[in-house]
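In this text, all values refer to a predicted model and were calculated from it rather than measured experimentally.
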Amino acid sequence: MKLENKLERVGEPVVEPAAFAGWLSETNEITRAFLAAGQIPGLLNIAGGLPEPATYPGPQIAKLAQRVIETHPTETLGYGPIEGLPELRNAIAHRFSTKNVKLTAANVLITTSGMQALDLLGKVLLNEGDLIAGQFPTYLGALDAWRPRRPRFRNMDLNAAAFDPFQAMKGAKFAYTVPNFSNPTGRLVGLEARRTLLAASRQTGAWLVEDDPYGSLCYDGPLPPNLFDLALQTGELSNTVYLGTMSKLISPGLRVGWVIARPKMISALTLAKQGSDMCTSGITQRITYEILKSDLIKATQSQVLDMYRRRRDALCAALNSYLAEWFEWEVPAGGMFVWARARDESIDTDRLFEIALDEKVCISPSSVFDAHGENRQGIRLNFTLNDEAKLTEAVQRLAKAVQRQLAEKG
């Protein structure tokens with residue numbers, strides 16, 4: 001006899017299961033839609049922030065994986081320290097130390113990708129209703145990571161003429177920034193703006209989070225010092241929290257990231273990580289350590305940069321040929337994205353996203369990069385995943401979608 005039938009016979013009411021958490025109803029539908037769009041046959045995806053798989057050094061990593069398992073079987077196949085592999089933490093501390101400040105393993109936490117670092121920051125810093133000051137537009141993955149904590153968001157448009165970082169950070173638990181080729185805009189924050197952000201963090205007490213997945217993808221000219229480096233020039237980490245990852249350096253499949261911060265922040269994040277995944281994969285940590293000891297990053301980086309530079313140029317050339325009438329953009333000096341803004345206020349990029357899917361091209365509309373979901377005048381376009389011919393075809397399809405949307409409005 002089935003359990004439900006038995007309950008009904010004895011007169012017990014059947015009660016619906018408890019409701020899901022409220023934040024699930026507050027997520028945007030656009031994100032789910034473009035993640036599912038990959039199932040559409042013949043679709044050209046220029047929406048996601050995906051590297052070119054051909055750049056992954058598969059044979060070299062395969063050899064490393066075999067060697068580290070054979071030489072470190074217990075460490076790679078068993079549980080490890082929550083903070084991360086000691087050798088890897090020391091290697092990262094050494095890699096980021098300066099003449100003024102010698103970092104130690106106490107300044108480093110290894111995370112399961114950069115996304116886990118964002119999630120852990122929300123856990124240790126946010127109570128419901130706390131304020132985040134976020135560089136605007138903001139990485140949608142960060143918004144998704146913090147949404148379950150139900151914080152408040154204050155947009156920081158660093159390019160606005162009247163932008164005041166002190167007022168922007170006042171009362172905020174932390175400020176979230178991507179100074180190097182921001183996701184989604186691809187913009188590079190200048191040196192003076194970086195210094196002002198650091199000063200505002202010190203004067204307001206807000207933690208200054210620097211997410212740096214794209215700093216290695218620089219195509220034109222030198223980079224300014226990181227916020228983290230500027231803080232170290234003063235002899236201390238101050239309120240800065242630096243997030244790094246192997247995803248763009250070598251491969252996202254390694255799922256290895258790191259946080260560099262003052263020991264008290266690392267201790268808090270470690271406690272949160274204990275209740276998250278207990279420890280990051282020992283295999284991928286040991287592989288990462290061996291990669292950092294070798295010249296593999298240096299050996300592969302120039303080819304990756306050359307490929308992505310050509311693809312960036314091809315995308316911008318196609319935009320100039322087919323979309324310049326309706327959109328404006330800047331050529332990014334690095335990163336993975338071009339941010340295009342509609343010249344015509346009647347263009348709603350949420351609706352354009354839907355029409356573009358019908359034209360077999362997937363884009364990212366600007367609303368998902370706005371904590372308040374109000375910006376519907378921009379699109380993020382990725383140039384790293386597809387070759388030059390596909391990028392040109394994608395823009396041609398997008399142009400047809402724009403024409404269709406404008407025709408809808410008469």
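- Every residue meeting the salt bridge (Lys or Arg N to Asp or Glu O under 4.0 Å) condition with Arg351, not counting sequence neighbours, appears here in chain and number order: Glu354, Glu408.
- Checked for salt-bridge contact, Glu328 and Arg343 meet the test: a charged N lies under 4.0 Å from a carboxylate O.
- Taking the six-membered ring where the residue is Trp, the centroids of Trp146 and Phe174 are separated by under 6.0 Å.
- Looking at Arg309 and Asp306, a side-chain N of the basic residue comes within less than 4.0 Å of a carboxylate O on the acidic one, giving a salt bridge.
- For Trp258 and Tyr242, the distance between ring centers is not under 6.0 angstrom.
- Each of Thr280, Ile266, Ile260 was scored for a side-chain contact (heavy atoms from CB on, under 4.5 Å) with Leu109, with one residue passing: Ile266.
- Taking the charged nitrogens against the carboxylate oxygens, Glu192 and Arg195 do have a contact shorter than 4.0 Å, which makes a salt bridge.
- The distance from the CH2 atom of Trp326 to the CG atom of Leu406 is 7.0 Å, given to the nearest 0.5 Å.
- In this structure, CG in Asn239 is found 8.5 Å from CG in Leu198, a value given to the nearest 0.5 Å.
- With no hydrogens or angles considered, no side-chain donor-acceptor pair links Thr55 and Gln303 at under 3.5 Å.
- A salt bridge does not link Asp313 with Arg310: every distance from a Lys NZ or Arg NE/NH1/NH2 to an Asp or Glu carboxylate oxygen is 4.0 Å or more.
- Checked for salt-bridge contact, Arg397 and Asp358 miss the test: no charged N lies under 4.0 Å from a carboxylate O.
- Annotation: Phe337 is not in aromatic contact with Phe383 [ring centroid separation under 6.0 Å not met].
- Tyr176 and Asp211 share a donor-acceptor pair across their side chains, judged by distance under 3.5 Å alone.
- Side-chain N/O atoms of Asn183 and Arg380 include a donor and acceptor closer than 3.5 Å.
- Judged as a side chain to side chain donor-acceptor pair (under 3.5 Å), and not counting sequence neighbours, the contacts of Glu75 are Arg286.
- We find that Glu290 and Lys63 are not joined by a salt bridge, their nearest charged nitrogen and carboxylate oxygen being 4.0 Å or further apart.
- Thr284 OG1 to Leu254 CG: the interatomic distance, rounded to the nearest 0.5 Å, is 6.5 Å.
- With respect to the salt-bridge test (charged N to carboxylate O, under 4.0 angstrom), the residues Glu52 and Arg311 qualify.
- How far CG of Asp144 is from CG of Asp119: 11.0 Å, rounded to the nearest 0.5 Å.
- Salt-bridge annotation for Glu359 and Arg404: present, with a side-chain N of the basic residue lying under 4.0 Å from a carboxylate O of the acidic one.
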